[in-house]
K.L.:
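Could you have a look at this structure, given as structure tokens, before my questions?
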Amino acid sequence: MMNSILMNTMAGPAWDGLFAGVFALLLAAILVYAIAIPQGGKGWWLLTILSGGLVIASFMVGQGQARSLMLDAAALLAVALVWLEGSKDARSAAQTYLVMLVLAIICMEAGTILGGEGGTAPAAPMDKVAVALLIAGFGLKLALAPAYFWLPRVAGAAKPMTSALIVSIIDIGAFVELAQLRTEMTWVFDDHRGLWIGIALLTMFVGAILALAQTNIKKMLAYSTMDDMGYLLLGLAAGSAIGISGAIAGAISHAFFKVVLFGAVGAAEYKSGKELTFGCKGMSASYPVTGAAFILGAIGMIGVPPFFGFIGRWRLYLAGIETGGIWLALAMIAATALALLYYVRAIHKVWLGAPVEATKAGESKLAAAVLIVLVVLMLAAGLCPGWLTGMIG
Amino acid sequence: LNQQGFLPAGSIFQEAFVDITIVLPLGILGLGIVLQLVFSRVLKAKGKGWLAFITGLAAFGAVLSLLPTITRGDPLSQTFLPWDQNIPLAVYVDGLSLVFGLMATGIGSAILLYCVQYMEHEPEDVTRFYVLMLTFISGLVGLVFLANLLLVYLCWEVIGLCSYFLVGYWYKQNAAAEGARKVLVMTHIPGYGLLVAILLLYHQSGSFLWTDPAVSAAFSTGIFILILVAAMAKSVMFPLHTWIPEAMNAPTPVSALLHSACYVKAGVYLIARMYSLAKWPQAWNTTVLVIGCVTILIGAIFALVQTDLKRLLAFSTISQLGYIITGLGLGTDLGLAAGLFYCFSHGLFKGTLFLCAGAVQHSTGTRDMRNLGGLAKKMPKTAAIWLIAASAIIGVPLTNGFVAKWLLLDAALDAKQGLVVIVAWLVSVFTAFYILKATVSTFYGEMPANLKSKEIHDAEPSMVVGMSFLAGLCVLFGLAPQLLMNGVIAPAVKGLGFNWAVTTSWLGLQTTSAGVGVTLGAGMVVAALLLGGLVLALTRGSRPEPGQVGLFSGGDPLPDASTVTAVDFAASAEEAFTPVYNWTNPDRLYLVIWRGIKELAGKADQVMEPVCNSYPLVASIVLVAVIFAAVWLF
């Protein structure tokens, strides 16, 4: 009886232009932020511009092998960025990231080749091999459960804007590639929908539960990325126009807010000269705008209206209802409730309340301005979503 | 214009008129928010306060301008440009919308007037305060004016966020921050019930407009329960009520707005609106009645033992909301009229009580009743206003609270709900106890030594005017309730699909329903009160001196040290109700759930952390093999 609010799904050129624009905006935000809060030397600037630029370019050249290669190259440059941090933890994290990335690229490329061109599945058992390789490849690259091991280590060791680049631009680029695959090789999802939904739910809950266990805020953000990726994957697994549209809208919101969240943590860490953990209470007293950006970013991240995240989330919940009835929707809500708990815990353990110690006053106005602009853009898009959802389809 | 002085329905002029006016309240509030931001560096705190008040007042005027059309029984509706793809931005204003729209903007404006001087010397950024207050009011107006359920949910959460940020306004204080956290967690999570209900309705009907008959056709018991859960959390129904006493560390105008007009009333609206969506089976009414009655009792029992003035008022809100929900749960025209009249009245007297409590705290620096007393002499205006509102909440005749309670008891008698009558009556007695305790502890008796050394002054003029406006309406609607009943409540009840057979007289004495006997009883109560007044007047000369308690002890008055204080009262009540407090505090259950989740998370991390750090490659290869196996199996 349901009348879809969507005419059809607009993959292809519409998404390409949209994401090229989104990534260009986010890369600019990362670079401006890095002027205010130094992230590294010339090497960092060069690799960041190259890596981000490759992702943007990959969406300008259109779909095909060239895009895949450019996205893979961008991810490999990100490994170098993590390595550049120089610390033992960072190099160890970069090694893990590299190994898993190479494994992911091999699996994805092999899966794509075996899956063949067009919308029909190859003969058995090649179809199953292709699907397994694609799941493994994208699972490793996007840090889906249970193959997420590189992400918390990278987020814990890298500079905040390096993490933001990886999570918001490189990973989301790979996710859009998966979404394109969803619209072209539908059999990869349709023939194994239960498995994809299972992985999505597992990613959501494992991410949320592990995020709740963290006391280091950057690691918490890494696990929250996993949690969010589970939702986006569920939209693709559902496969309906509303699900895919929700996943794409959610991916945009995720990209924006993760820059905000990592940026807020980085700004407070840089100014206070210490790593943010749950022992640092009351940071907003010294960094009110940065703290506000984090709080709004966290709220936007879990899809609370009026931010744009809500526009993605309600579509995803609806896709959940369409696919698995009320029980799947309630499972998604339960994961969101967990997300609320860990974000609220971070907000109140780190930002709000009486400060435990006097910290160096004064926050970077430029960095804070970048974060607030991103939040305001997501607020505007949430209040008047039509122009953006029109491009998503 | 037609003979009644209105534009003819359906005329091109009326269409143009409606186009502007239906969104004018939201437009004005939006403009006010923008102006606050634009002039944040130009205006001082007082200027920002006046700007916010003028904005609220203009929005109130705009809502009021819709009254003639709505009173005629013509709902207003308008569809604007698509909001999200082909989902329309649809507005629909009927009698029910207007009840809540008037409360939000009218009571909100009085509170904003109070803020002008209350917030004048606030060291925190007051632009943030006024922007949030205006957004809060806009959120409620949007909630009740919009027909698109997704936008209804958006407004629902905007209200939630505003309350979170306003309760945590003094975010550098642990108590304020912790209170805000509880508000967010305990109201946001149940709020997903509303979202899931909306999506299920859309899934079944293909429409997001609650005015669409297809949505009504898709309404089911499951959807009713989901919406009820969301409403219960917002409207502090047992067992989702425990956030509200913790929200008391906000600036008092926030508490006033939260309790009187904008927050707890959102859930009431949602429950009432469900009458527009479906014909309620008896089981739904019974469910709401049970929840309402339990909430009436629990709120009052907890209020009895409070020694913090604002916490006492917070628990009283829980109890009073129980009355309102019970009225709605009766499911008759009289019940709905009682519920909505009570809702409006509660907004007026509870808003006043909170503002008075704020004036006391503003002046004395405390709201702990153990450290208060004798303030009537130093704060006569505040004390007088408090007395009016206290009389109203207790249900003293000549106030709107009397009319509200009267209507409710009458409606319950009419619906043959004897248990409801007993609970409502019993808790009325409790209400009188705790409100009298608060009144005496704060305004009468001997002033404690700690206050004697302070320079205590009465509320500032803008605060007095704001409070007086609300208290004046308590009396006005107590003397002439028909003004509110016929002008505002009747269209709301009729709009929900009920016949209107309620007649209201001066003073609100019902004579046309099952309450005739009760009416006679009330006459006796009034006579007894008059007699009591006469006795008091005749014995004026023998009243005890200040500092002594008017207790008859069998002989001489008790010495000062033996007087009964708020603490003594609280202690005896606490002792008497100990098992009730233990068994009816749901926080214990929530704590168990939270600890369970935390333990699970800790154990999961203990298992996964070493794998993540030491064996990521081996684990990944194993997992790839598992994925292959899973693809073959599923």
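Here the structure is a predicted model, which is why all the values come from computation and not from measurement. Order of the sequence lines sets the chain letters (A, B, ...), proteins ahead of strands, with each chain counted from 1.
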K.L.:
Quick check: do S620(B) and L140(A) have side-chain heavy atoms less than 4.5 Å from each other?
P.N.:
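Yes, side chains in contact.
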
K.L.:
Can you say whether Y223(A) sits under 4.5 Å from chain B via the side chain, the backbone, both, or neither, judging by heavy atoms?
P.N.:
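Side chain only.
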
K.L.:
Taking every non-hydrogen pair under 4.5 Å, which of V196(B), V158(B), L161(B) racks up the most with chain A?
P.N.:
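Sorted descending by pairs with chain A, the first entry is L161(B).
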
K.L.:
To check you understand the geometry: which heavy-atom pair defines the closest contact between I302(A) and Y192(B), and what is its length?
P.N.:
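Closest approach of I302(A) to Y192(B), heavy atoms only: O-OH, 4.0 Å.
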
K.L.:
Take a 6.0 Å sphere around NZ of K349(A) and say whether it holds more than 12 heavy atoms from other residues, nucleotides or ligands.
P.N.:
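Counting other residues, nucleotides and ligands, NZ of K349(A) stays at 12 neighbours or fewer.
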
K.L.:
By a 4.5 Å heavy-atom criterion (distance strictly below it), what part of R345(A) contacts chain B: side chain, backbone, both, or neither?
P.N.:
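Both parts, backbone and side chain.
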
K.L.:
Counting only N and O atoms by type, is there a donor-acceptor contact under 3.5 Å from the side chain of H203(B) to the main-chain atoms of I321(A)?
P.N.:
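No; judged by distance alone, with no hydrogens or angles, the pair does not exist.
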
K.L.:
About how many Å separate CG of L150(B) and CD1 of I311(A), when rounded to the nearest 0.5 Å?
P.N.:
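Going from CD1 on I311(A) over to CG on L150(B), the span is 7.5 Å.
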
K.L.:
Quick check on L617(B) against chain A: is it the side chain, the backbone, both or neither that has a heavy atom closer than 4.5 Å?
P.N.:
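L617(B) touches chain A through side-chain heavy atoms alone.
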
K.L.:
Does a side-chain heavy-atom distance below 4.5 Å link D84(B) with R315(A)?
P.N.:
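Heavy-atom side-chain distance check passes, below 4.5 Å.
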
K.L.:
Checking L388(A) against chain B: side chain, backbone, both or neither under 4.5 Å from a heavy atom?
P.N.:
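Neither part; nothing is under 4.5 Å.
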
K.L.:
Give, as side chain, backbone, both or neither, the part of P152(A) having an atom under 4.5 angstrom from any heavy atom of chain B.
P.N.:
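Contact with chain B: side chain only.
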
K.L.:
Can you say whether Q606(B) sits under 4.5 Å from chain A via the side chain, the backbone, both, or neither, judging by heavy atoms?
P.N.:
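Contact with chain A involves no heavy atom of Q606(B) at all.
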
K.L.:
Run the salt-bridge test on K219(A) and D605(B) with the 4.0 Å N-O cut-off and return the result as yes or no.
P.N.:
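Answer for the salt bridge query: no.
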
K.L.:
Is the shortest heavy-atom distance from the side chain of Y164(B) to the side chain of I295(A) under 4.5 Å?
P.N.:
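They are in side-chain contact.
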
K.L.:
Determine the minimum heavy-atom distance between G382(A) and W83(B), stating which atoms define it.
P.N.:
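Smallest interatomic distance, heavy atoms only, reads O-CZ2, 4.0 Å.
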
K.L.:
Report which part of L154(B) has an atom under 4.5 Å of a heavy atom belonging to chain A: side chain, backbone, both, or neither.
P.N.:
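Both backbone and side chain of L154(B) come within 4.5 Å of chain A.
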
K.L.:
Is it the backbone or the side chain of S284(A) that comes under 4.5 Å from a heavy atom of chain B, or both, or neither?
P.N.:
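When you check distances to chain B, atoms from both the backbone and side chain of S284(A) fall under 4.5 Å.
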
K.L.:
Using heavy-atom distances under 4.5 Å, tell me whether S92(A) contacts chain B through its side chain, its backbone, both, or neither.
P.N.:
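Neither part.
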
K.L.:
State, yes or no, whether a side-chain contact exists between N174(B) and K281(A) at a heavy-atom distance under 4.5 Å.
P.N.:
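Counting from C-beta outward, N174(B) and K281(A) do come under 4.5 Å.
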
K.L.:
So for L296(A), is it side chain, backbone, both, or neither that comes closer than 4.5 Å to the heavy atoms of chain B?
P.N.:
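Answer is side chain: those atoms of L296(A) sit under 4.5 Å from chain B.
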
K.L.:
Could you check which of L340(A), D191(A), V131(A), I199(A) has the highest count of heavy-atom pairs closer than 4.5 Å to chain B?
P.N.:
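Ranked by contacts with chain B, first place is L340(A).
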
K.L.:
Centroid separation under 6.0 Å, is that true for the rings of Y615(B) and F149(A)?
P.N.:
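Not under 6.0 Å, so no.
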
K.L.:
Between atom CE of M100(A) and atom CD1 of I621(B), what is the distance when rounded to the nearest 0.5 Å?
P.N.:
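So the CE of M100(A) and the CD1 of I621(B) are separated by 9.5 Å.
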
K.L.:
Measuring heavy-atom distances to chain B, does Y317(A) have an atom under 4.5 Å in its side chain, in its backbone, in both, or in neither?
P.N.:
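When you check distances to chain B, atoms from both the backbone and side chain of Y317(A) fall under 4.5 Å.
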
K.L.:
If you compare all heavy atoms of A213(A) against all heavy atoms of G602(B), which two are closest, and at what distance to 0.1 Å?
P.N.:
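Looking at all heavy atoms of both residues, the closest pair is CB-N, 4.2 Å.
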
K.L.:
For I198(B), which atoms come within 4.5 Å of any heavy atom of chain A: side chain, backbone, both, or neither?
P.N.:
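No part of I198(B) comes within 4.5 Å of chain A.
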
K.L.:
Quick one: which of G386(A), A354(A), C384(A), A334(A) has the most heavy-atom pairs under 4.5 Å with chain B, could you say?
P.N.:
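Option with the greatest count: A354(A).
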
K.L.:
Is P616(B) in contact with chain A via its backbone, its side chain, both, or neither, using a 4.5 Å heavy-atom distance?
P.N.:
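The answer is both parts of P616(B).
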
K.L.:
Given a strict heavy-atom distance threshold of 4.5 Å, which part of L226(B) is in contact with chain A: side chain, backbone, both, or neither?
P.N.:
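For L226(B), the contact with chain A is made by the side chain alone.
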
K.L.:
Give, for atom CD1 of I597(B) and atom CG of L338(A), the distance between the pair rounded to the nearest 0.5 Å.
P.N.:
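Taking CD1 in I597(B) and CG in L338(A), the distance rounds to 5.5 Å.
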
K.L.:
Hey, are the side chains of F628(B) and L133(A) touching, using non-hydrogen atoms and a 4.5 Å cut-off?
P.N.:
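F628(B) vs L133(A): side chains touch.
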
K.L.:
Between W632(B) and V129(A) (side chain of the first, backbone of the second, donor and acceptor by atom type, cut-off under 3.5 Å), is there such a pair?
P.N.:
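Not a single qualifying donor-acceptor pair exists.
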
K.L.:
Determine the minimum heavy-atom distance between L318(A) and L199(B), stating which atoms define it.
P.N.:
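Smallest interatomic distance, heavy atoms only, reads CD1-O, 3.7 Å.
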
K.L.:
A side-chain contact here means heavy atoms from C-beta on lying under 4.5 Å apart; do W156(B) and P305(A) qualify?
P.N.:
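With C-beta onward as the side chain, the pair stays apart.
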
K.L.:
So do the side chains of L623(B) and Y148(A) get within less than 4.5 Å of each other, counting heavy atoms only?
P.N.:
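Heavy-atom side-chain distance check fails, nothing below 4.5 Å.
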
K.L.:
Quick one, F208(B) with W314(A), criterion ring-ring contact (aromatic ring centres under 6.0 Å, His included). Give me CA distance, side-chain angles, the key distance, then yes/no.
P.N.:
CA-CA 12 Å; F208(B) 279 117; W314(A) 75 256; 5.4 Å; yes

K.L.:
Show, in sequence, the C-alpha distance, side-chain angles and deciding distance for L195(B) and F310(A), and conclude whether the side-chain contact (heavy atoms from CB on, under 4.5 Å) test is met.
P.N.:
CA-CA 11 Å; L195(B) 181 59; F310(A) 171 64; 4.0 Å; yes

K.L.:
Taking L330(A), T96(A), V206(A), L341(A) one by one, which has the highest count of heavy-atom pairs under 4.5 Å against chain B?
P.N.:
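Of the candidates given, the most pairs with chain B belong to L341(A).
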
K.L.:
Only pairs of heavy atoms separated by less than 4.5 Å count here; which of P385(A), P306(A), G320(A), A136(A) has the most with chain B?
P.N.:
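Most heavy-atom pairs within the cutoff with chain B belong to P385(A).
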
K.L.:
By a 4.5 Å heavy-atom criterion (distance strictly below it), what part of W594(B) contacts chain A: side chain, backbone, both, or neither?
P.N.:
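Contact with chain A: side chain only.
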
K.L.:
What distance separates L352(A) CG from Q173(B) CD, expressed to the nearest 0.5 Å?
P.N.:
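So the gap between those two atoms works out to 12.0 Å.
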
K.L.:
Of the backbone (N, CA, C, O) and the side chain (C-beta and beyond), which part of L212(A) lies under 4.5 Å from a heavy atom of chain B, both, or neither?
P.N.:
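For L212(A), the contact with chain B is made by backbone and side chain together.
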
